[in-house]
Amino acid sequence: MTGATPTADAPYVLVVSLAKRDPMCTLFFTHLAGRVPMRIVQYPADDTIGPLSGASAVVIIRGLFEFGPLIACAEWLKVPLYYFQDDNFMLIREEVQTYGSIYERYTNDAVRSMLTRFDGVLLATPSLVDYFREQRLHNRLWLYPPVAGPSLNATSETADRPLTIAFFGGQHRREPFVRHVYPAIVDLARSRPIRIIAAGIDPEALPPAEGVEMVFPKYDGSYTAALQLVARYGVDILVHPSAITANNIFKNPHVLINADVIGAAPIFTNEPPYEEVADAGVALLCENTRDSWYAALSRLAADPTLRASIRERLSAYCATHFSGAANIQTLSDVLRMHPEPSSSARAWRYAWATACFSAARVSGRISRLIAR
């Protein structure tokens with residue numbers, strides 16, 4: 001990690017992510033670009049020394065234990081640390097069958113201990129705020145919701161193509177899509193041609209069916225680019241089934257933003273957090289059964305006016321609930337609490353950060369050699 005010694009500049013928050021183009025970094029931070037002073041880096045891929053040396057504060061996205069050397073270095077440099085989370089890893093770790101074992105270190109005790117090194121925690125949902133407060137994981141908590149991005153200029157209604165249904169979800173949503181949603185789409189295709197945009201689905205998981213055209217967009221690690229690949233086909237309906245997990249009540253409804261920017265009417269499983277938007281008229285909800293998904297799909301497929309009215313209400317909802325105003329206020333509060341470092345402080349930090357990261361690299365090499 002190298003770079004020029006930082007000079008005095010306007011104060012900014014440094015946002016550090018393991019994947020700076022992924023949905024969480026994009027939806028919660030990148031969409032604020034130009035509206036609040038921040039810099040975003042990917043750890044450890046990007047040069048971190050210069051940005052860290054000049055930052056008023058650092059926000060670590062999602063991971064804790066994965067950022068050990070960076071956290072230690074920030075502490076040594078006395079750069080205030082903040083943590084952002086949009087899932088309950090402490091419950092996810094117990095659902096190995098759904099999520100795997102990568103979160104096994106995230107016990108309440110381990111997270112509480114790690115967070116003593118942080119000045120505050122930013123959380124995506126009120127339920128997460130409540131959980132962190134009840135478990136006394138930290139005493140300074142902010143609600144920090146997702147932020148709507150720009151429209152992708154998708155055309156959702158085109159007479160010269162079949163009704164188009166898209167799936168754009170994480171790995172834990174693929175099983176309910178294959179089990180419940182796809183069979184319902186096959187049933188619907190008996191009465192009209194359907195095109196499926198199945199982002200992230202293994203083609204072998206969907207047996208060919210008469211009347212169903214299937215498109216499998218190429219994988220792209222960038223959330224925005226991947227969503228654009230879906231939007232280019234024109235999407236009428238976005239389906240977003242949920243697996244039934246203990247983490248559902250802690251999730252945020254950012255998929256409403258996805259539906260809005262691609263111009264689609266969404267259908268969700270009637271599970272948290274989406275049952276909370278049932279009265280807003282911005283989506284249809286159904287149970288995780290083939291018949292229930294078929295009923296919801298049939299209703300939207302048969303009624304373009306209903307799809308248009310849902311999209312109109314959805315756009316207004318996203319503009320109101322995901323405006324970014326609360327996020328800007330939070331990051332502005334952080335900047336007010338932590339003054340920007342002086343030129344001499346930046347130079348001192350830069351020198352010590354260089355030494356910190358060099359030591360961490362050497363330690364890592366030694367550990368790998370010992371492990372052989």
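Since we're looking at a predicted model, the values are computed, not measured.
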Short side-chain donor-acceptor distance under 3.5 Å, [Y] and [X]:
X: Glu275; Y: Asn270; result: no
X: Tyr223; Y: Asn258; result: yes
X: Asn108; Y: Tyr131; result: yes
X: Thr224; Y: Ser222; result: no
X: Asn288; Y: Thr269; result: yes

Output yes when a side-chain donor or acceptor of [X] lies under 3.5 Å from a complementary backbone atom of [Y], and no otherwise.
X: Arg195; Y: Tyr233; value: yes
X: Arg173; Y: Pro241; value: yes
X: Arg307; Y: Ala301; value: yes
X: Ser17; Y: Ile61; value: no
X: Glu340; Y: Gly54; value: no
X: Arg346; Y: Pro341; value: yes
X: Asp46; Y: Gln42; value: yes
X: Asp130; Y: Phe132; value: no
X: Arg311; Y: Asp260; value: no
X: Tyr43; Y: Phe67; value: no

Least distance between heavy atoms, [X] atom then [Y] atom:
X: Phe357; Y: Cys73; answer: CE1-SG, 4.0 Å
X: Asp22; Y: Cys25; answer: OD1-N, 2.9 Å
X: Thr330; Y: Leu143; answer: OG1-O, 4.1 Å
X: Leu123; Y: Leu128; answer: CD1-O, 3.7 Å
X: Val261; Y: Gly149; answer: CG1-O, 3.7 Å
X: Ser242; Y: Glu271; answer: CB-CB, 4.4 Å

For the aromatic rings, using the six-membered ring if either is Trp, is the centroid distance between Phe65 and Phe89 under 6.0 Å?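 That pair fails the under 6.0 Å test.
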I'd like to know whether the aromatic ring centres of Phe167 and Tyr182 sit less than 6.0 Å apart in this structure.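 No, the ring of Phe167 stays outside the 6.0 Å limit from the ring of Tyr182, centre to centre.
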Salt bridge [X]-[Y], side-chain N to carboxylate O under 4.0 Å:
X: Arg174; Y: Asp202; answer: no
X: Arg190; Y: Glu210; answer: no
X: Arg117; Y: Glu75; answer: yes
X: Arg161; Y: Asp236; answer: yes
X: Lys251; Y: Asp86; answer: no
X: Arg62; Y: Asp87; answer: yes

Using a cut-off of 6.0 Å, state whether more than 12 heavy atoms not belonging to [X] lie near its atom [atom1].
X: Glu66; atom1: CD; value: yes
X: Arg299; atom1: CZ; value: no
X: Arg336; atom1: CZ; value: yes
X: Trp76; atom1: CH2; value: no
X: Gln171; atom1: CD; value: no

Ile185 and Ile196, any side-chain heavy atoms less than 4.5 Å apart: yes
Is it true that the NZ or CZ of Arg39 lies under 6.0 Å from the centre of Tyr12's six-membered ring and within 45 degrees of the ring axis? yes
Set out, in order, the CA-CA distance, both residues' side-chain angles and the distance that settles side-chain contact (heavy atoms from CB on, under 4.5 Å) for Leu115 and Leu64, then state yes or no. CA-CA 9 Å; Leu115 288 179; Leu64 277 174; 4.0 Å; yes
Would you say Val235 ends up clustered with Phe216 if hydrophobic residues are merged whenever their side chains have heavy atoms under 4.5 Å apart, either directly or through other cluster members? no
Can you name the side-chain contact (heavy atoms from CB on, under 4.5 Å) partners of Arg140, sequence neighbours left out?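 For Arg140, the residues satisfying side-chain contact (heavy atoms from CB on, under 4.5 Å) (neighbours in sequence not counted) are Tyr82, Asp119, His138, Trp142, Met337.
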Who passes side-chain contact (heavy atoms from CB on, under 4.5 Å) against Ala259, sequence neighbours left out? Leu238, Pro266, Leu314
Between Met38 and Leu14, does a side-chain contact (heavy atoms from CB on, under 4.5 Å) hold up when you go through it step by step? CA-CA 6 Å; Met38 72 167 68; Leu14 176 65; over 6 Å; no
side-chain contact (heavy atoms from CB on, under 4.5 Å) between Val255 and Ile257, worked out: CA-CA 5 Å; Val255 179; Ile257 296 173; over 6 Å; no
Just grab all the ring pair (Phe, Tyr, Trp, His ring centres under 6.0 Å) pairs involving residues 274-302, residues at least two apart or on different chains. His240-Tyr274, Phe268-Tyr274
Show your reasoning for whether side-chain contact (heavy atoms from CB on, under 4.5 Å) applies to Phe168 and Ile197. CA-CA 8 Å; Phe168 186 82; Ile197 313 300; over 6 Å; no
